[in-house]
Protein chains: 2
Amino acid sequence: MARKSADQRRTEIVEATLTLADEVGPDRLSVEQVAQRVGISQPAVFRHFSSKRLLWDAVGAFVGKRLESTWERALAESPDPVGRLRALVRAQLRLIRTLPAIPALLFSRELQAGDQGLRRTFLGFMRRFHSVLAGVLAEGVQQGQLRTGLDEARAAYVIIALIQGVAMRWSLSGREFDLVQEGEQLLELVMQGLLNCEESS
Amino acid sequence: MARKSADQRRTEIVEATLTLADEVGPDRLSVEQVAQRVGISQPAVFRHFSSKRLLWDAVGAFVGKRLESTWERALAESPDPVGRLRALVRAQLRLIRTLPAIPALLFSRELQAGDQGLRRTFLGFMRRFHSVLAGVLAEGVQQGQLRTGLDEARAAYVIIALIQGVAMRWSLSGREFDLVQEGEQLLELVMQGLLNCEESS
DNA sequence: GGTTTAAGTTAGTGACCACTCACTCACTTA
DNA sequence: TAAGTGAGTGAGTGGTCACTAACTTAAACC
């Protein structure tokens with residue numbers, strides 16, 4: 001049997017937990033399944049994470065780092081606000097494509113149970129993303145690219161809902177369409193609006 | 001001990017399951033919890049539903065009836081398409097407010113497990129709602145209230161995402177804002193669009 | 001090359017899960 | 001009023017869960 005360093009195993013276990021959270025659901029995932037995927041016995045997992053809760057905490061921290069770095073890189077992509085907005089949405093969709101467990105984790109009861117530890121962590125991620133989006137939108141209004149009088153906070157919630165919605169539909173459909181392309185087209189639609197510009201009610 | 005007719009008990013059990021699915025999550029809900037909420041012993045539940053799966057099927061059918069009748073009534077509310085669109089969104093939000101388990105049910109793994117029985121049922125509900133929305137949007141385009149060239153199918157997906165998104169945020173926030181009001185304002189924002197009409201990129 | 005360290009193992013623990021069985025007793029009806 | 005029906009019960013069944021105790025052995029270090 002090939003032994004590995006604790007650091008290596010820890011990341012292996014966290015990554016296996018993430019992919020399995022997508023496959024079987026965060027609430028239905030057992031430590032036994034994680035152990036089998038990694039290729040070790042079930043108690044070996046508890047050598048690296050003394051409880052399942054701490055394993056989920058580590059998963060949360062892992063996802064959080066990926067989210068933060070994704071947003072940071074996207075914000076640096078373009079000088080103008082609307083370009084940054086598109087980059088943020090595209091980057092977030094790409095991250096969900098590579099870590100499809102993210103939406104399921106956000107809404108799972110695994111997080112809400114147990115003293116609200118992870119729930120607050122993920123709620124914090126959502127708030128961070130919302131404030132980043134709202135900031136970019138406010139810049140867009142200032143520079144005249146976006147409607148004056150636009151409610152930036154609400155618009156940011158619309159964009160978050162858009163990403164979550166298309167990710168959920170992608171997941172339920174069995175991933176039979178291109179998540180990033182579809183999401184980008186929905187963003188364009190929202191930016192243009194539905195009403196006829198001349199004859200608004 | 002107060003005995004009730006089987007019909008009465010069945011609906012009591014289904015309703016308890018729905019409220020508990022919201023409180024503890026569909027995947028974490030046990031038959032014992034349902035029995036306690038109803039006020040009977042755990043085996044008594046199995047007299048009315050011979051397996052937990054059949055109980056979930058009954059819950060699905062119950063929710064389905066409520067959804068269909070909600071859409072039907074909303075469509076009859078207004079003669080013009082945009083009015084019907086607003087009525088549909090408002091009615092859907094009101095239904096979620098009275099049956100908050102609906103979004104959780106849609107995305108729970110309880111449905112996806114077990115031969116995809118309930119999963120298909122709920123996917124069918126979503127498709128039904130999408131086609132109703134797309135139909136109303138197409139009418140709006142024809143009558144000139146909505147942008148010509150509007151992609152009705154994608155716009156319908158945007159509206160579904162909007163409802164789901166605000167419902168999820170409402171749930172995660174501990175229901176500290178008015179779901180219906182907030183949802184209606186997001187709808188208005190999407191209908192107007194984000195871009196500056198004169199100077200679109 | 002022997003000792004130490006720590007990543008692994010097997011074999012459990014009690015709690016909870018969906019579900020069953022044998023039985024009871026309230027109510028309807030002949 | 002006796003018989004039959006069916007909504008209820010208490011006491012289990014086997015299976016799975018998170019987690020633990022005691023032991024083993026591969027690798028790191030001197």
Side-chain angles (χ1 to χ4, degrees), chain A residues 1-18 20-21 23-60 105 108-118, chain B residues 1-18 20-21 23-60 105 108-118:
Chain A
M1 60 209 64
R3 286 197 186 181
K4 298 187 178 175
S5 74
D7 270 3
Q8 225 175 327
R9 274 287 188 239
R10 279 181 66 92
T11 63
E12 270 186 37
I13 291 169
V14 166
E15 282 167 1
T17 303
L18 258 172
L20 283 166
E23 291 175 21
V24 307
D27 292 300
R28 305 185 145 235
L29 180 56
S30 70
V31 176
E32 174 67 44
Q33 288 172 294
V34 175
Q36 278 185 12
R37 181 62 59 96
V38 173
I40 56 179
S41 67
Q42 189 251 28
V45 175
F46 287 98
R47 182 160 302 274
H48 300 284
F49 300 94
S50 54
S51 77
K52 198 186 185 186
R53 175 145 243 330
L54 289 175
L55 170 55
W56 281 120
D57 286 347
V59 169
L105 275 173
S108 85
R109 300 299 171 119
E110 190 67 50
L111 315 179
Q112 297 190 354
D115 282 346
Q116 305 183 331
L118 257 196
Chain B
M1 59 208 67
R3 285 203 186 175
K4 298 187 178 175
S5 75
D7 270 4
Q8 226 175 325
R9 273 288 188 236
R10 279 181 65 93
T11 63
E12 271 186 36
I13 291 169
V14 166
E15 281 167 0
T17 304
L18 257 171
L20 284 166
E23 291 175 20
V24 306
D27 292 300
R28 304 184 146 234
L29 180 57
S30 71
V31 176
E32 175 67 43
Q33 288 171 294
V34 174
Q36 277 186 12
R37 179 64 58 97
V38 172
I40 55 179
S41 68
Q42 189 252 26
V45 176
F46 287 98
R47 182 158 305 274
H48 300 284
F49 300 94
S50 54
S51 77
K52 199 186 185 187
R53 177 146 235 339
L54 289 175
L55 170 55
W56 281 119
D57 286 347
V59 169
L105 276 172
S108 83
R109 301 298 172 120
E110 189 67 49
L111 315 180
Q112 296 190 353
D115 282 345
Q116 305 182 331
L118 257 197

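By convention in this document, chain letters (A, B, ...) are assigned in the order of the sequence lines, proteins followed by strands, and residues within each chain are numbered from 1.
- A donor-acceptor contact under 3.5 angstrom links the side-chain atoms of A/Arg47 to the base of C/dG8.
- In terms of polar N and O atoms assigned as donor or acceptor, the side chain of A/Glu32 never comes within less than 3.5 Å of the base of D/dC17 in a complementary pairing.
- Among the protein residues, B/Ser5 comes within range of no part of the nucleic acid, since none of its heavy atoms lies under 4.0 Å from any strand.
- Between B/Asp27 and B/Arg109, no side-chain nitrogen of the basic residue sits less than 4.0 Å from a carboxylate oxygen of the acidic one, so the salt-bridge criterion is not met.
- Contact annotation for A/Leu55: no contact, since no heavy-atom pair falls under 4.0 Å across all strands.
- Summarising the geometry, the separation between CD on A/Gln42 and P on D/dA21 is reported as 14 Å, rounded to the nearest angstrom.
- D/dT16 atom P lies 18 Å from atom CG of B/Asp27, rounded to whole Å.
- In this structure, B/Phe49 atom CZ and D/dA7 atom C1' are separated by 14 Å, rounded to whole Å.
- Map A/Gln33 and B/Gly39 each onto its nearest nucleotide of DNA chain D; the residue landing nearer the 5' end is B/Gly39.
- As a whole-Å value, the separation of A/Gln8 CD from C/dA6 P is 17 Å.
- Between A/Lys52 atom NZ and D/dC17 atom C1' the separation is 8 Å, expressed in whole Å.
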request  = Report the C-alpha separation of B/Gln8 and B/Glu12 in whole Å, then their side-chain angles, then the decisive distance to 0.1 Å, and conclude whether the side chain to side chain donor-acceptor pair (under 3.5 Å) test is met.
outcome  = CA-CA 6 Å; B/Gln8 226 175 325; B/Glu12 271 186 36; 4.8 Å; no
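- Looking only at side-chain heavy atoms (C-beta outward), B/Trp56 and B/Thr17 come within less than 4.5 Å of each other.
- The separation between B/Gln36 atom CD and C/dC17 atom C1' is 14 Å, rounded to whole Å.
- Remark: A/Glu15 does not engage A/Arg10 in a salt bridge, criterion side-chain N to carboxylate O under 4.0 Å.
- Checked options A/Leu18, A/Val59, A/Val34; the residue passing with A/Ile13 is A/Val34 (criterion: side chain to side chain contact (heavy atoms under 4.5 Å, CB included)).
- Per the geometry, CG belonging to B/Leu54 stands 13 Å off C1' belonging to C/dA18, to the nearest Å.
- In this entry the distance linking CZ of B/Arg28 with P of C/dC16 reads 14 Å, nearest Å.
- Between B/His48 and D/dG6 there is no side-chain polar atom (N or O) within less than 4.0 angstrom of OP1 or OP2.
- Side chain of B/Phe46, nearest nucleotide from D/dT24, C/dC19, D/dC17: C/dC19.
- For B/Ser30, the listed nucleotide lying nearest its side chain is C/dC17; candidates were C/dT9, D/dC19, C/dC17.
- Of the candidate nucleotides D/dT25, D/dA11, D/dT20, D/dA11 has the atom nearest to the side chain of B/Pro43.
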